[in-house]
Each structure stands twice: as structure tokens, then as C-alpha cells.
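Right, one structure below, let's go through it.
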2 protein chains.
Amino acid sequence: MKKGNSDLAELHCVEREKVISVRKKLKTDRFFHSLAETFKAMSDPTRAKIIYALCQENELCVHDMAAIIGTSNSAVSHQLRTLRNMKLVKYNKVGKVAFYSLDDIHINNLFAEGLRHVEEK
Amino acid sequence: MKKGNSDLAELHCVEREKVISVRKKLKTDRFFHSLAETFKAMSDPTRAKIIYALCQENELCVHDMAAIIGTSNSAVSHQLRTLRNMKLVKYNKVGKVAFYSLDDIHINNLFAEGLRHVEEK
DNA sequence: AGTAAATATGAACAATTGTTCAATCGTCGT
DNA sequence: ACGACGATTGAACAATTGTTCATATTTACT
């Protein structure tokens, strides 16, 4: 008995073919977890502002981001750590200043798509 | 004194021009809140699975979604309510069965962009 | 060495979240 | 009218979250 359709025999549903068809195309739990994490990275106003700012100027330091979005240094730093862990931003430190930028172009695309969605509502 | 640059005189930052430039392009708090909400809608594994399923078959009932993603009816229904409130899905009821579908094409695009991002990692 | 600035971090807190469980509602078939 | 089924809902719970505050850490300047 193969995993994934182990309970196919006793499958109880309304539209059988649909269920079986979608089930076949279903990704792993790990995949959906990653996917959700990616969206979650952008799901906080402060982080959204940070990403937006980095879309305008592709390098900004912590202090300036705080000045731009109007929150404390600490709050921004904490959120940047989150974004760093989720691989959405990278940084390089020059002296005592840490310059952050978006990690890759996919982030821009994804974020831009979100922007478009909200703008066209 | 206009709002938004009220404290421009005493603006303390590292790269002044950048800060002023990004500040000008900054959207409202309301906007960033909406933007974050949109991403948040997709930031849970169960909701991501629901949306994914609705991308494959554009109409599915609650019971079948539960069967597909392997959770309780109740959990799915709760999440569908969230998605409904956020205007990501719509539904029409036929008899006792509620068929859900994605609210508009933007959702597909946004979600697809997220998928691409995770797949190409 | 000593101070200030830029960032990072840990603890603590309230607030929000997602699931489960139980109860309920509405519609269909008998 | 009844029971079965699909769906919804509210309460409750643990878990996670984002900020603040205080405290490091690191580098630069004198």
C-alpha cells in the first residue's frame, strides 16, 4: 500500500474525481510550510515597510530604515533578523554600519505582485 | 507645517538623501496594513493548501478540501472564513454544499509567484 | 583609555493565532 | 417529522508573535 492514497478505498467525499485529481498534484507538507513561511515574512506591516523601502533604495542601514518607517531601532533590528533568517535580506557591514538589501530578485517580484493586488482594490 | 516631513529639520540619519527620497514614496500606514494582511492570508500552511487546491480545481466544497489536505472539516471551515473575510475566496451554496473558489485572478498570480519562489530555492 | 554611535540581543509582556471539541444550523431523502 | 450530512460557529487552549526596555557588542573618534 502506497502512502498518499492509502485510504483511497474508503475515501469519502462529494466529488470523487476532483479530490483524487488534486491529491495527485499535492506537494509535501514541508513544501507548504516553506511557502507559508515565505508569505509570513511579508505579513507584518513593519516588515512590509522595510521591504518596500529596500525596493526603492537597494541598500539601507538600520538607523535610516527606522527613520524612514518611524519606529525604534530595536524593532527594526529584530525584524531584520527575522527577514535574514528567512533569507529575504542580506547585509554587509561597513565599519559600524550594516547595509541591508533584498536577497534576490524573486523577492521583488513577489512583493510587487502583492503591491499590485492591494493597489487595484 | 505639513505632516510627513514635520521633523525633517531635525532629521537624524546616516544617508540623508536616501531617507528623504524613500520617505516621499512611502505609502500610508493603512496601505501597509492591507498589504501585510494580504500576505498574512497566505501565511498559514492550511490556508496555503486550500489556495493551492483551488488553483487546481477552481471550485471545491469544504468537505472535499478537508479530504484533500487531510484536516478536519471544522479547521478548514474556520480558515475559509478567514479567507472570505480577506476577500481571497468567494463561494456559492448549492443545497447543503458550499462551493468555494478564488475571488479574482490576482490571487492566482500572487500565489503563483510565491510558488515559483519556493520551487526555485 | 574613554565616550558616543550603530546594531544586536535577551527577557518580558500583551496580543494574536490555529486547532480541537462541542453544539448548532440548514437542507436533503425517506 | 426524522435522521444524516455538509457546513458554520463559539469557547478554550497552547503556541507564536511583535514591541519595549535594558543591556551587550562593535567600531570610530578624540
Side-chain angles (χ1 to χ4, degrees), chain A residues 10-16 18-19 29 32-33 35-37 39-51 59-86 88-101, chain B residues 10-16 18-19 29 32-33 35-37 39-51 59-86 88-101:
Chain A
E10 64 218 22
L11 175 61
H12 178 230
C13 56
V14 176
E15 299 176 296
R16 204 157 202 284
K18 279 194 182 182
V19 173
D29 268 19
F32 284 112
H33 184 77
L35 183 57
E37 284 293 303
F39 286 120
K40 187 181 283 181
M42 303 178 169
S43 75
D44 170 77
T46 302
R47 288 198 295 275
K49 287 177 192 172
I50 289 174
I51 296 169
E59 256 200 354
L60 285 168
C61 69
V62 179
H63 189 257
D64 285 357
M65 285 193 239
I68 289 168
I69 74 187
T71 33
S72 71
N73 252 332
S74 181
V76 172
S77 185
H78 273 297
Q79 297 297 9
L80 281 170
R81 173 147 78 141
T82 305
L83 292 172
R84 235 163 46 219
N85 290 340
M86 288 169 168
L88 290 213
V89 301
K90 57 180 192 265
Y91 77 113
N92 73 313
K93 210 155 183 174
V94 179
K96 57 185 172 179
V97 182
F99 289 100
Y100 280 82
S101 54
Chain B
E10 63 219 21
L11 175 60
H12 179 230
C13 56
V14 177
E15 299 176 295
R16 203 159 204 281
K18 279 193 182 181
V19 173
D29 268 20
F32 284 112
H33 184 77
L35 184 55
E37 284 294 303
F39 286 120
K40 188 181 282 179
M42 303 177 169
S43 75
D44 170 78
T46 302
R47 288 197 297 274
K49 287 176 192 173
I50 290 174
I51 297 169
E59 257 201 353
L60 285 168
C61 70
V62 179
H63 190 259
D64 285 358
M65 286 192 240
I68 288 168
I69 73 186
T71 32
S72 71
N73 248 333
S74 180
V76 172
S77 185
H78 274 297
Q79 297 297 9
L80 280 170
R81 173 147 78 141
T82 305
L83 291 172
R84 234 163 47 218
N85 289 342
M86 290 171 168
L88 291 212
V89 301
K90 57 179 192 266
Y91 77 113
N92 74 311
K93 210 155 184 176
V94 179
K96 56 183 171 179
V97 182
F99 290 100
Y100 280 82
S101 54

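The analysis underlying the following values was restricted to heavy atoms, covering all of them including side chains, and did not include hydrogens, waters or symmetry mates. Just so it is clear: chains get the letters A, B, ... in the order the sequence lines come, proteins before strands, and each one is counted from 1.
- Counting to the nearest Å, the P atom of C/dT7 and the CG atom of A/Leu80 are 9 Å from each other.
- The separation between B/Met86 atom CE and C/dT16 atom P is 13 Å, rounded to whole Å.
- The residue B/Tyr100 sits close only to the backbone: its heavy atoms come under 4.0 Å of sugar-phosphate atoms, none of a base.
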Q: Output, in order, the C-alpha distance, side-chain angles, deciding distance and verdict of side chain to side chain contact (heavy atoms under 4.5 Å, CB included) for B/Leu80 and B/Met65.
A: CA-CA 10 Å; B/Leu80 280 170; B/Met65 286 192 240; 3.9 Å; yes
Might you list the N or O atoms of the protein lying below 3.5 Å from N or O atoms in nucleotides 9-13 of chain D, with each pair's distance?
| residue | atom | partner | partner atom | Å |
| --- | --- | --- | --- | --- |
| D/dT9 | O4 | B/Ser74 | OG | 2.7 |
| D/dG10 | O6 | B/His78 | NE2 | 2.9 |

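- Of the residues in residues 61-72 of chain B, those with a non-hydrogen atom less than 4.0 angstrom from any atom of DNA chain D are B/Cys61, B/Val62, B/His63.
- Ion pair A/Arg16/B/Asp64 not flagged as a salt bridge, since none of the NZ, NE, NH1 or NH2 atoms sits closer than 4.0 Å to an Asp/Glu carboxylate oxygen.
- Nearer the 5' end of DNA chain D, as judged by each residue's closest nucleotide, is the contact made by A/Val14, out of A/Val14 and A/Arg47.
- For C/dT17, neither phosphate oxygen OP1 nor OP2 lies less than 4.0 angstrom from any side-chain nitrogen or oxygen of B/Gln79.
- The side chain of A/Thr46 has D/dT19 as its nearest neighbour among C/dT19, D/dG6, D/dT19.
- Evaluated for a side chain to side chain contact (heavy atoms under 4.5 Å, CB included) with A/His63, the options A/Asn73, A/Val97, A/Ile68 yield exactly one hit, A/Asn73.
- Of the charged side-chain nitrogens involved, none lies within less than 4.0 Å of a carboxylate oxygen, so that A/Asp44 and B/Lys40 do not count as a salt-bridged pair.
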Protein-nucleic acid N or O pairs under 3.5 Å, nucleotides 24-30 of chain D:
none

